[in-house]
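Both ligands and their constituent atoms are indexed starting at 1 by order of listing. These numbers were taken from a predicted model, which means no experiment stands behind them.
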Amino acid sequence: MKDDYKVVIGLEVHVELNTESKAFCSCSTNFGAKPNMNTCPICLALPGTLPSLNKKVIEHAIKSGLALNCTINPFFTMDRKNYFYPDNPKNYQITQKNYPICEKGYIDIEDYKGNIKTINIERIHVEEDAGKLIHIQDKTLVDFNRAGVPLIEIVTYPDLCSAEEAVLFVKTLKAILTTCGVSDCRMEEGSLRVDGNISIKNKRLNIQGNRVELKNINSFKSLEKALNYEIDRQIQLMNMDKDIKLETRRWDNDKGITIAMRDKEEGEDYRYFPEGDLTAYKIEESYIYKISQSIPELPRSKYKRFISDYELSSYEADILSQDINISNFFEKAALRSGEPKEAANLILGEVFRILKERQKEIQSFNITGYDLGELILILKEGVISSSTAKVLMEKMFLTGKSAKDIIEEENLSQNNDKDAIGEIVQKVFNSYPKAVEEYNYGKRKVITFLIGMVMKESKGRANPELVKDIILKKLNEV
Ligand code: ADP
Ligand code: MG
Ligand code: ZN
């Protein structure tokens with residue numbers, strides 16, 4: 001049945017720009033401030049106030065447009081979108097309708113099988129965010145700190161064909177925008193918000209269903225679940241010959257269902273008209289060029305370079321190229337040590353584990369990529385064993401000290417002392433005479449057990465190669 005249907009998805013992605021001040025006034029955009037502290041007569045829309053456009057907003061929007069392969073229009077205007085809602089003090093939102101800042105872009109998405117698909121972008125426009133309503137029992141409070149915070153809205157063409165593709169698109173978009181430094185794109189903090197538009201077509205009967213718009217999606221998991229739920233709901237309706245209403249629905253994450261909110265509004269409902277308090281703006285070519293020079297290497301190019309230059313697997317390269325702080329950390333470690341594979345291994349394993357345990361991000365990590373590179377060098381020299389390296393990383397993280405200093409202070413260097421290891425081996429033989437006996441009866445496998453016991457006894461510091469040699473030598477002596 002499902003095979004009869006073609007799924008069509010288009011996304012509208014709102015991204016909060018990380019400017020210091022709001023779009024049309026000088027209030028701070030700082031997240032987490034006390035309610036209504038970041039407000040002034042302009043963003044509270046008191047009578048007689050006038051907006052003035054923050055230049056950084058335009059710079060970030062153009063930067064995003066360039067990174068998403070858009071055309072940057074030679075001029076743009078702002079418009080008013082009129083609606084009443086208590087989180088919006090002006091009763092209209094300043095946005096862009098007819099002359100958006102960027103149009104016609106695309107990005108490529110690549111799935112885990114290596115299939116590449118181009119997703120086209122219709123436009124990117126600038127607008128302001130609304131405040132927040134806080135519902136407490138039977139009362140509703142309003143916080144205007146977010147009112148006037150700058151957003152870009154990225155509108156895709158309906159080129160996506162599944163929930164998985166939509167998630168991949170948003171992940172790819174996030175990697176590009178965070179790398180450019182225009183936003184932190186944190187879905188859980190609301191700095192990246194997605195509306196999904198979905199329709200289905202019965203290919204066999206050639207019936208096209210109406211488009212449904214989905215709101216209130218605030219994580220990658222919800223995005224996937226909400227879209228899949230909606231696809232199934234629409235297929236069921238069409239199978240029963242029922243109409244799919246053109247409407248806006250909201251995702252209820254607790255119940256795991258979409259719920260009808262309102263009929264889909266049309267452009268006329270918003271009575272769009274030009275924002276007379278702001279003029280039309282011209283964008284100079286030289287300004288666009290200057291911004292283009294400030295765009296760092298983007299994740300896709302980095303991904304390819306990590307595979308070709310460092311011989312990483314596509315899995316490793318993918319994870320290490322998504323976040324600019326992680327990729328910088330990795331490259332510093334790789335270049336310092338000359339061991340990119342080892343650096344990738346330690347970052348994907350130990351570093352991520354430590355960060356996750358302590359709920360830290362790599363920017364606030366006590367170890368730099370350079371420090372990790374030094375640790376890898378010491379490991380390669382055979383001064384420490386790989387199990388000691390792990391312990392060492394924990395300590396480096398806790399104290400912020402270099403690997404060398406900790407090794408010296410705590411006498412952690414690997415034991416290459418044949419006599420010392422010989423003593424430990426003898427001790428283990430004495431403790432496990434049965435194992436030694438079994439070896440003599442031909443059970444060669446006990447060697448692994450004996451090596452393990454010696455390593456344990458030496459607290460992981462004995463050189464494993466030496467341990468093996470010495471055990472074999474002693475066993476054959478017995
Ligand atoms: P609005 O602003 O009213 O939501 P737009 O025309 O700007 O309307 O379209 C919004 C989104 O809807 C775009 O992302 C677009 O790709 C998507 N879309 C358009 N047609 C369809 C369709 N038939 N099925 C699914 N999505 C669609
Ligand atoms: Mg919409
Ligand atoms: Zn303000």
>> I'd like to know if E213 pairs up with R249 as an ion pair, taking the criterion as any Lys NZ or Arg NE/NH1/NH2 lying under 4.0 Å from an Asp or Glu carboxylate oxygen.
In response: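 Salt bridge: no.
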>> If the threshold is 4.0 Å, N to carboxylate O, is there a salt bridge linking K341 and E311?
In response: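 Result for this pair is no, no salt bridge flagged.
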Identify, by atom number and element, the atoms of ligand 1 in contact range of [X], meaning under 4.0 Å from any of its heavy atoms.
| X | result |
| --- | --- |
| V155 | 13 (C), 14 (O) |
| L11 | 14 (O) |
| Y157 | 16 (O) |
| E213 | 4 (O) |

>> Aromatic contact between Y281 and F76, with the criterion being ring centroids under 6.0 Å apart: yes or no?
In response: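 Distance test on ring centres: under 6.0 Å, yes.
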> Can the ring centroids of Y157 and Y106 be said to lie less than 6.0 angstrom from one another?
Replying inline: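 Judged by ring-centre distance (under 6.0 Å), Y157 and Y106 do not meet the cut-off.
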>> Quick one, F330 with Y310, criterion ring-ring contact (aromatic ring centres under 6.0 Å, His included). Give me CA distance, side-chain angles, the key distance, then yes/no.
In response: CA-CA 11 Å; F330 161 70; Y310 297 131; 5.4 Å; yes
> When you measure from the side chain of N82 to the backbone N and O of R271, does any donor-acceptor pair fall under 3.5 Å?
Replying inline: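 Confirmed, N82 side chain pairs with R271 backbone.
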> Angle subtended at the Zn ion (ligand 3) by SG of C43 and SG of C40, to 10 degrees?
Replying inline: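 The two atoms subtend 110° at the Zn ion (ligand 3).
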> SG (C25) to the Zn ion (ligand 3) to SG (C27): angle, nearest 10 degrees?
Replying inline: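 That angle works out to 110° after rounding to 10°.
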> For atom 13 (C) of ligand 1, which of L246, V212, T156 has the closest heavy atom?
Replying inline: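 Ranked by closest heavy atom to atom 13 (C) of ligand 1, first place is T156.
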Less than 3.5 Å between some nitrogen or oxygen of [X] and one of ligand 1, yes or no?
| X | value |
| --- | --- |
| S199 | yes |
| E122 | no |
| P158 | yes |

>> Quick one about T71 and K104 (side-chain donor to acceptor, distance below 3.5 Å, no hydrogens or angles considered), yes or no?
In response: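 Result is no, nothing qualifies.
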